Engineer: 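Sharing a structure with you now.
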Amino acid sequence: MAYYKKQKIKGKWYPRSVTVGRPADIDEVAQRLSSRSTVSRGDTYAVLAELGGVLSELMNEGRSVRLEGVGTFYLTCNSSGQGVDTPEEVGPDQIRAAKVRFIPEYSRGQRGQVTKRTLVSPHLFWTDVEEKLK
């Protein structure tokens, strides 16, 4: 079940998604993954604990990383200043920040429309968070 709250913007009301409770941690993810497979919770935990480092290594090599059923991770950078006048002046000293971007996996139909998003359940049910608190 997903939650929303009511938010007023420029005189109109809209639903805004909210998260509740504590974030799921690596232990919970490992437990749930192991219950869906033949791999132990400990083995699953060990793999998940190393996942960030492996993703970092691959992206540091200039590659994107696609995890089937999850999506694609890749790096972007932000530059400082106003830019330079010629391509020869462009260099790494202009880069002020690197960010990891993520595109969730999805499928498209014959007409190009998105037909499936793997991280969005087809059984998603929205509830007003204020109802949960009552």
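This structure is a prediction, so every number in the text was calculated from the model and none was measured.
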Engineer: Return yes when atom CD of Glu61 has more than 12 non-hydrogen atoms of other residues, nucleotides or ligands closer than 6.0 Å, and no otherwise.
Structural biologist: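 Yes.
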
Engineer: How far apart are the closest heavy atoms of Val70 and Phe102, and which atoms are they?
Structural biologist: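 Residues Val70 and Phe102, closest heavy atoms: O-CZ, 3.5 Å.
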
Engineer: I'd like to know if Val129 and Trp13 are part of one continuous hydrophobic network [Ile/Leu/Val/Met/Phe/Trp/Tyr, side-chain heavy atoms within less than 4.5 Å].
Structural biologist: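 In one cluster with Trp13: Val129, no.
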
Engineer: Are Trp126 and Tyr14 joined in one hydrophobic group, where the rule is that I, L, V, M, F, W and Y side chains link up if heavy atoms are under 4.5 Å apart?
Structural biologist: no

Engineer: Would you say Leu119 ends up clustered with Val18 if hydrophobic residues are merged whenever their side chains have heavy atoms under 4.5 Å apart, either directly or through other cluster members?
Structural biologist: no

Engineer: Side chain to side chain contact (heavy atoms under 4.5 Å, CB included) between Thr19 and Tyr3: does it pass, once the steps are laid out?
Structural biologist: CA-CA 7 Å; Thr19 57; Tyr3 294 95; over 6 Å; no

Engineer: In this structure, are over 12 heavy atoms from other groups packed under 6.0 Å from Phe73 atom CZ?
Structural biologist: yes

Engineer: Is any side-chain heavy atom of Val100 less than 4.5 Å from a side-chain heavy atom of Leu75?
Structural biologist: yes

Engineer: When rounded to the nearest 0.5 angstrom, what is the spacing between CG in Asn78 and CZ in Arg96?
Structural biologist: 5.0 Å

Engineer: So, taking the atom named OH in Tyr45 and the one named CD in Glu50, what distance separates them when rounded to the nearest 0.5 Å?
Structural biologist: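 Here the interatomic distance stands at 10.0 Å.
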
Engineer: Can you confirm whether Pro104 sits close enough to Tyr106 that some side-chain heavy atom of one is under 4.5 Å from a side-chain heavy atom of the other?
Structural biologist: no

Engineer: Going hydrophobic residue to hydrophobic residue with side-chain gaps under 4.5 angstrom, can you get from Tyr4 over to Leu124?
Structural biologist: yes

Engineer: Is the number of heavy atoms from other residues, nucleotides or ligands under 6.0 Å of Glu68 CD greater than 12?
Structural biologist: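 No, not enclosed.
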
Engineer: With a 3.5 Å distance limit and no angle check, can you tell me whether Glu88 reaches the backbone of Thr86 through a side-chain donor-acceptor pair?
Structural biologist: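 Flag not set: sc Glu88 to bb Thr86 has no pair under 3.5 Å.
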
Engineer: Give the table of side-chain donor-acceptor pairs shorter than 3.5 Å for residues 23-41, with sequence neighbours excluded, one pair per line with atom names and distance.
Structural biologist:
{"from": "Asp25", "atom 1": "OD1", "to": "Asp27", "atom 2": "N", "distance (Å)": "3.2"}
{"from": "Asp25", "atom 1": "OD1", "to": "Glu28", "atom 2": "N", "distance (Å)": "3.0"}
{"from": "Glu28", "atom 1": "OE2", "to": "Arg32", "atom 2": "NE", "distance (Å)": "3.4"}
{"from": "Glu28", "atom 1": "OE2", "to": "Arg32", "atom 2": "NH2", "distance (Å)": "3.1"}
{"from": "Ser34", "atom 1": "OG", "to": "Ala30", "atom 2": "O", "distance (Å)": "3.2"}
{"from": "Ser34", "atom 1": "OG", "to": "Gln31", "atom 2": "O", "distance (Å)": "3.0"}
{"from": "Ser35", "atom 1": "OG", "to": "Arg32", "atom 2": "O", "distance (Å)": "2.8"}
{"from": "Ser37", "atom 1": "OG", "to": "Leu33", "atom 2": "O", "distance (Å)": "3.2"}
{"from": "Ser37", "atom 1": "OG", "to": "Val39", "atom 2": "N", "distance (Å)": "3.2"}
{"from": "Ser40", "atom 1": "OG", "to": "Asp43", "atom 2": "N", "distance (Å)": "3.0"}
{"from": "Ser40", "atom 1": "OG", "to": "Asp43", "atom 2": "OD2", "distance (Å)": "3.3"}

Engineer: What are the two closest non-hydrogen atoms of Gln94 and Glu89, and how far apart are they?
Structural biologist: OE1-O, 3.8 Å

